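See structure below.
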Number of protein chains: 2
Amino acid sequence: MKVSPAQAAAELLEVVPSVTRAVREQMRAHRAADLTVTQFRVLAYLNRHTGASLSDVADHIGLTLPSMSKLIDALVARKLVRREFDTTDRRRVTLALTSRGRVILERARRATRAFLTAQLRQCDSIELETLARAMQILRPLFASRRELARVAQRK
Amino acid sequence: MKVSPAQAAAELLEVVPSVTRAVREQMRAHRAADLTVTQFRVLAYLNRHTGASLSDVADHIGLTLPSMSKLIDALVARKLVRREFDTTDRRRVTLALTSRGRVILERARRATRAFLTAQLRQCDSIELETLARAMQILRPLFASRRELARVAQRK
DNA sequence: TCACAATAGTTTCCTTTTCTAATTATTTCT
DNA sequence: AGAAATAATTAGAAAAGGAAACTATTGTGA
């Protein structure tokens, strides 16, 4: 099977949104911890990147700063996220999950993962490996600019 | 590499949204034919399923009927979609792309595919094949209920 | 066959999400 | 110091999406 980049792109463009749709639908239906998909992704990001700034999160999720600011407002009001001011650069805001936030994230993650896992149980082990490999390939290709910059900086 | 369904699920849950985000961002940035991702998906679906009903589309995209009705309104107003009444069942609405719709879809598709293709050029041919295979695996797992019913019916 | 249930869409109204523009506060650059 | 740049917030408006109620049509069971 010989696949061109264009062909692979077309496939991605067709299949990826349907996965997203299924996940979103599932989260809505089961009200997984009362989180929207976007909120869920924010919590997950903050879990991996404690102390991220508002811009970091906005950039990674793909929202404007004002939108993210309000989204964070809501999460802070629900005591899932802590918002602090950076001591060295007082313009910056530093975000982190509260312990409650970690609990809620874990709960939502379990629910969503359970849904996906159920779907994936139809796959044999070779297919699962293919999927995992594919995700490894995609991951670095679609990291956000800011994230790439961060990784580059670390060197 | 031995992968459990749960592991694969976790990977999917992390990577898929970042692909979606990149595509969405790209479409917004380049104002690809002034289509939102959802509108784009609707056009693509109608291209593949000429004469689909409103419910078909709503179900596939994952919107409620009212929302889809409004979305189609906009596309009809822009003369991208034709809305006709089914002669055998006059409750049903039959949707199809206009020739203008096909042109716009193709333009948007080219732009988005070009973006994805550019990203995927970093992959070697083995990786591309892995990606294509992965999409083949995912496709049937996340098809909508109505679509599954339709496929089952054809037998 | 006729009343009733079911199906397909639409309309109305409301909430939520997200955007743009303007504003504040802070830091960096010259 | 003063100007430009950066980080975040606020204000105001638009857009997306959903629930409920409504219309029109078709199917069904007594």
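Chain A is the first sequence line, chain B the second, and so forth, proteins listed ahead of strands; every chain is numbered from 1. If you're wondering where the values come from, they're calculated on a predicted model, not measured in any experiment.
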d(CZ, A/Arg92; P, D/dT6) in whole Å: 12 Å

Between B/Ile72 (CD1) and D/dG17 (C1'), how many Å, whole number? 15 Å

Side chain to side chain donor-acceptor pair (under 3.5 Å): which pairs involve residues 121-137 of chain A, sequence neighbours left out? A/Glu129-A/Arg133, A/Gln136-A/Arg139, A/Gln136-B/Glu11

Sorted by chain and residue number, the side chain to side chain donor-acceptor pair (under 3.5 Å) partners of B/Ser67 (sequence neighbours excluded) come out as B/Thr64

Length of the CD-C1' vector between B/Glu84 and C/dG9, whole Å: 16 Å

With A/Thr20, which residues qualify under side chain to side chain donor-acceptor pair (under 3.5 Å), at least two apart? B/Thr20

Protein-proximity profile, nucleotides 17-30 of chain C, B/S/- by nucleotide at the 4.0 Å heavy-atom cutoff, equals SBBBB---BBS---

Please report, rounded to the nearest Å, how far the P atom of D/dT6 is from the CG atom of A/Asp59. 14 Å

If you compare all heavy atoms of A/Leu35 against all heavy atoms of A/Ala108, which two are closest, and at what distance to 0.1 Å? CD1-CB, 3.8 Å

Separation of A/Asp56 atom CG from D/dT6 atom P, in whole Å? 15 Å

On the nucleotide C/dT10, are OP1 or OP2 found under 4.0 Å from the side-chain N or O atoms that B/Ser69 carries? yes

How many whole angstroms separate atom CG of B/Leu54 from atom P of C/dT7? 16 Å

List the residues meeting side chain to side chain donor-acceptor pair (under 3.5 Å) with B/Asn47, not counting sequence neighbours, and say none if there are none. none

Side-chain N or O of A/Arg83 versus OP1/OP2 of D/dA8: is the shortest distance under 4.0 Å? no

Roughly how many Å is it from CG in B/Asp73 to C1' in D/dG17, rounded to a whole number? 14 Å

By side chain to side chain donor-acceptor pair (under 3.5 Å) - contacts of B/Thr87 (at least two apart): none

Please check the phosphate of D/dG18 (OP1 and OP2 only) for any side-chain N or O of A/Arg24 closer than 4.0 Å. no

Under a 4.5 Å cut-off applied to non-hydrogen side-chain atoms, are B/Arg82 and B/Leu97 in contact? no

Could you check how far CZ of A/Arg21 sits from P of D/dA16, rounded to whole Å? 20 Å

